[in-house]
Amino acid sequence: MKLVFNILFISMFALGNVLMAQDSTKVSQVLKSAAKLKKAVEKNDDKGAADVYVNMGTDYYNQGNYAKSEEYFSKAKALYQKLNDKKNLESVTRKLAQSQEKQNKITPALSNYSMAAQMSYSEKSKAVNANDVARLSSPTPELRAEAIQSNINISKKENEQVNVAEGYSQLADVNIQQKDLYKAEENLNNAYKISKREAPQQALAINQKLADLYVGNKNFDKAIEAKKKVLKEDFVKDNSQEKVNQIQELADIYIKKNDPKEAVDLLKNAYGIALDKGHTLEAQKSVKKLDSLYAISGNVDASVQLYRDFLGKLPNLVSKDRSLVDNKILEDTEQRISQLEKEKELKDELIRKKNIFNYGLIAALILLTGLIIFIFRTLKKVQVKNKKIALQSLRREMNPHFIFNSLNSVNHFIATNNELEANQYLTKFSKLMRGVMENSTDDFIPLQQELDLLQNYLALEKTRFADKFDYEIEIDENLNMQSLQVPGMLVQPFLENAIWHGLRYRAEKGFLKLSFEKNERYLKVIVEDNGIGIEESKKQKTKHQKTREGRGMKNTLERIQLLNDLYKKDITCSVKDKENHNGVLVIIQINLA
């Protein structure tokens with residue numbers, strides 16, 4: 001189903017560019033923050049940049065995206081430390097600790113709470129942070145409960161209702177550890193009553209914790225009652241997306257209660273709302289859960305009909321789904337923010353290097369030899385850095401090229417209404433995409449991971465061109481598949497060329513062979529096919545195709561050159577027609593030393 005979402009995302013741009021004008025509050029906040037950050041970077045204003053990071057971290061924290069909030073609070077903390085701004089440093093350090101605790105990163109959270117307590121400018125903030133340190137580090141539940149109650153009393157005195165609710169929720173955790181379920185239920189209900197007025201997002205999290213408590217103790221009726229209660233709240237009824245999510249959570253409880261019929265009815269309801277309101281991800285999630293229930297009951301026809309209905313309503317669903325556009329805007333804005341940060345780092349680096357150069361120039365009057373050594377080392381570092389940047393750029397360019405070609409295959413199955421093949425292809429493609437994305441940041445990956453990617457890729461192309469070729473993979477048993485590191489996706493473009501430019505033009509079924517051999521201190525990779533060959537493939541190209549530059553193969557050769565320069569791997573590549581032009585033989589050798 002992940003792949004279905006990818007298709008939805010692509011379809012969105014084909015169907016509704018006008019949606020770009022629509023903007024959510026969350027998107028507006030990020031865009032405003034990006035604009036403020038740009039001004040701060042242009043003015044070299046570290047304080048302004050840190051304040052922007054705090055605002056962005058707070059927004060993400062309130063949305064429940066604790067990983068992102070931790071990222072921005074960490075950036076703000078670094079800048080406040082650089083500026084020696086102790087007051088803001090204390091505040092952001094506490095926020096950082098809270099984000100880390102929400103992700104169950106107890107050790108760094110404890111360290112940051114301790115740091116905030118040491119920097120506190122008031123007795124109140126010092127006591128609150130010290131209590132949080134005690135809460136996380138105390139050896140007994142009684143001491144933890146005492147620290148939490150102290151913070152609740154402070155928050156009540158300051159009329160900080162959100163913190164009061166959080167305190168009750170923390171007390172419930174202690175009660176659960178003490179197996180005092182009655183008290184845990186009471187504290188969670190108190191937390192829910194407060195937070196639903198002050199912080200609906202917090203109320204949803206507390207309600208989920210309460211439902212989990214009931215489910216964990218097999219009290220399904222109370223869990224159902226808790227979920228039905230939150231469904232009646234205005235902040236859920238007025239938010240169709242959250243309403244769908246809560247209905248799905250309720251369905252999960254019925255599944256655990258072994259009441260699949262009620263679960264199916266709820267999921268159908270959630271699916272209908274998602275379709276009506278244009279919530280693609282929520283519709284996808286409902287389809288996936290329904291499909292699982294149908295699979296358990298053996299109702300294959302219902303499952304097939306469900307997917308058919310989903311695909312049929314796909315264009316209309318995407319055209320109404322503003323969240324997809326918002327997510328794309330957020331992604332692009334995040335990238336712009338990242339670029340701004342890099343520009344600032346580069347600017348600081350240039351200033352630093354300029355100063356070093358000036359000092360070196362003055363020192364050259366005294367020590368000319370020292371200046372020559374400095375210049376030589378600096379130039380060498382810059383060259384290595386530029387090569388690494390170029391290698392990173394080429395590696396990232398490979399993925400869009402490969403994804404585009406693969407999506408053409410997906411489009412073929414959908415266009416020909418071949419549902420079974422399309423579903424199989426989507427499953428294989430999602431696995432391959434996950435592997436490609438996981439390994440896209442590393443110059444080298446274990447041979448086993450590279451082999452898994454190549455096997456998935458060949459399986460996909462075999463599905464696409466089932467009548468065009470068979471393939472075989474041979475692996476030398478002397479190779480250590482886990483410890484041996486190879487460049488990721490280096491072999492794939494040669495396989496792609498063999499299939500798309502050689503084998504698919506054969507009148508009869510062809511054969512593709514991929515071999516990994518250990519040859520003394522080299523890994524030898526052989527790609528061999530019996531397609532039409534390089535020369536014949538060139539003859540069959542159209543005039544337009546001849547004018548286009550093949551980026552996949554060019555990037556691969558450039559990557560080999562950069563890898564050789566940076567890592568001294570002595571990688572060689574030979575591509576030539578076999579005898580009598582009966583296919584192509586590719587030999588890649590990688591130094592194992």
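Numbers for residues simply follow the sequence, beginning at 1. Values below: every heavy atom of this structure, side chains too, minus hydrogens, waters and symmetry copies.
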**OP:** Identify the heavy atoms of Gly510 and Leu503 that sit nearest to each other, and give their distance.
**Re:** CA-CD2, 3.9 Å
**OP:** Not counting sequence neighbours, which residues clear side-chain hydrogen bond (donor to acceptor under 3.5 Å, both in side chains) with Ser303? List them please.
**Re:** Asp291
Original post:
Do Asp59 and Gln63 have a side chain donor and acceptor closer than 3.5 Å?
Top reply: no
Subject >> Ion pair check, Lys105 and Glu70, cut-off under 4.0 Å >> reply: yes
Subject >> Partners meeting salt bridge (Lys or Arg N to Asp or Glu O under 4.0 Å) with Glu474 (sequence neighbours left out) >> reply: Lys513
**OP:** Side-chain contact test, heavy atoms from C-beta onward, threshold under 4.5 Å: evaluate it for Ser74 versus Leu96 and give yes or no.
**Re:** yes
Original post:
By side-chain hydrogen bond (donor to acceptor under 3.5 Å, both in side chains), which residues pair with Gln455, not counting sequence neighbours?
Top reply: none
Subject >> Pairwise distance CG(Asp46) to NZ(Lys82) - rounded to 0.5 angstrom >> reply: 4.0 Å
**OP:** For Lys468, enumerate each residue passing the salt bridge (Lys or Arg N to Asp or Glu O under 4.0 Å) test, keeping only those at least two apart in sequence or located in another chain.
**Re:** none
Original post:
If only atom types and distance count, is the side chain of Arg308 paired as donor or acceptor with the main-chain N or O of Val304 below 3.5 Å?
Top reply: no
**OP:** Check step by step if side chain to side chain contact (heavy atoms under 4.5 Å, CB included) holds for Val575 and Cys573.
**Re:** CA-CA 7 Å; Val575 182; Cys573 176; 3.9 Å; yes
Original post:
Rounded to the nearest 0.5 Å, how far does CG of Asp309 lie from CG of Leu306?
Top reply: 7.0 Å
**OP:** Mind checking the CZ-CZ spacing from Phe469 to Phe511? Nearest 0.5 Å is all I need.
**Re:** 10.5 Å
Subject >> Side chain proximity check, Leu585 to Ile587, heavy atoms < 4.5 angstrom >> reply: yes
Original post:
Does the side chain of Val92 reach to within under 4.5 Å of the side chain of Leu79, using non-hydrogen atoms?
Top reply: no
Original post:
Are Glu282 and Gln248 close enough that a side-chain donor and a side-chain acceptor fall under 3.5 Å?
Top reply: no
**OP:** State, with a plain yes or no, whether a side-chain heavy atom of Gln485 is found less than 4.5 Å away from one of Asp443.
**Re:** no
Original post:
What's the shortest heavy-atom distance between Tyr271 and Ala283, and which atoms?
Top reply: CD1-O, 3.9 Å
Subject >> Closest approach of Asp577 to Gly533 (non-hydrogen atoms, all atoms of both residues) >> reply: OD1-CA, 3.3 Å
Subject >> Non-neighbouring partners of Tyr61 that pass ring-ring contact (aromatic ring centres under 6.0 Å, His included), sequence neighbours left out >> reply: Tyr66
Original post:
Would Ile560 and Asn564 count as a side chain to side chain contact (heavy atoms under 4.5 Å, CB included) if you check the C-alpha gap in whole Å, the side-chain angles of each, and the deciding distance to 0.1 Å?
Top reply: CA-CA 6 Å; Ile560 290 174; Asn564 286 337; 3.7 Å; yes
Original post:
What pairs with Lys462 under salt bridge (Lys or Arg N to Asp or Glu O under 4.0 Å), at least two apart in sequence or on another chain?
Top reply: Asp470
Original post:
For Pro487, which residues count as a side chain to side chain contact (heavy atoms under 4.5 Å, CB included) partner, sequence neighbours excluded?
Top reply: Phe444, Leu490, Arg559, Leu563, Ile571, Ile590
Subject >> Asp45 to Gly48 - nearest heavy-atom pair and separation >> reply: OD1-N, 3.0 Å
Original post:
Glu536 versus Tyr505: any side-chain heavy-atom pair under 4.5 Å?
Top reply: no
Original post:
Less than 4.0 Å between a side-chain N and a carboxylate O, is that true for Glu71 and Lys68?
Top reply: yes
Original post:
When rounded to the nearest 0.5 angstrom, what distance separates CD in Glu472 from CD in Glu528?
Top reply: 10.5 Å
Original post:
Any side-chain heavy atom of Val300 sitting closer than 4.5 Å to one from Tyr294?
Top reply: no
**OP:** Sequence neighbours left out, what passes salt bridge (Lys or Arg N to Asp or Glu O under 4.0 Å) with Glu450? Give chain and number order.
**Re:** none
Original post:
More than 12 non-hydrogen atoms from neighbouring residues, nucleotides or ligands closer than 6.0 Å to NZ on Lys39, yes or no?
Top reply: no
Subject >> Sequence-distant partners of Lys569, side-chain hydrogen bond (donor to acceptor under 3.5 Å, both in side chains), two or more places apart >> reply: none
Listed pairs under 3.5 Å, donor-acceptor, residues 514-525 side chains, sequence neighbours left out:
| from | atom 1 | to | atom 2 | distance (Å) |
| --- | --- | --- | --- | --- |
| Arg521 | NH1 | Asn591 | OD1 | 3.4 |
| Tyr522 | OH | Asp570 | OD2 | 2.7 |

Original post:
With Thr107, which residues qualify under side-chain hydrogen bond (donor to acceptor under 3.5 Å, both in side chains), at least two apart?
Top reply: none
**OP:** Check Ile445 against Gly488 and note the closest heavy-atom contact, atom names and distance.
**Re:** CD1-CA, 3.8 Å
**OP:** For side chain to side chain contact (heavy atoms under 4.5 Å, CB included), just list the numbers for Ile499 and Leu458, CA-CA rounded to whole Å, side-chain angles, deciding distance to a tenth of an Å, and then say yes or no.
**Re:** CA-CA 9 Å; Ile499 296 169; Leu458 288 173; 4.0 Å; yes
**OP:** State, with a plain yes or no, whether a side-chain heavy atom of Arg506 is found less than 4.5 Å away from one of Asn530.
**Re:** yes
Original post:
Without hydrogens or angle criteria, can the side chains of Asp452 and Gln448 be said to hold a donor-acceptor pair below 3.5 Å?
Top reply: yes
Original post:
Where is the tightest heavy-atom contact between Ala50 and Ala76, given as atom of each residue plus distance?
Top reply: O-CB, 3.6 Å
Subject >> CZ on Phe310 to CG on Leu275, rounded to 0.5 Å >> reply: 7.5 Å
Original post:
Could you state the interatomic distance from CG (Asn65) to NZ (Lys102), rounded to the nearest 0.5 Å?
Top reply: 13.5 Å
Subject >> Contacts of type ring-ring contact (aromatic ring centres under 6.0 Å, His included), residue Tyr471, not counting sequence neighbours >> reply: none
**OP:** Could you walk me through whether Ile526 and Val586 pass the side chain to side chain contact (heavy atoms under 4.5 Å, CB included) test, one step at a time?
**Re:** CA-CA 6 Å; Ile526 303 173; Val586 179; over 6 Å; no
Subject >> Pairwise side-chain contact, Leu281 with Lys285, heavy-atom cut-off 4.5 Å (strictly under) >> reply: no
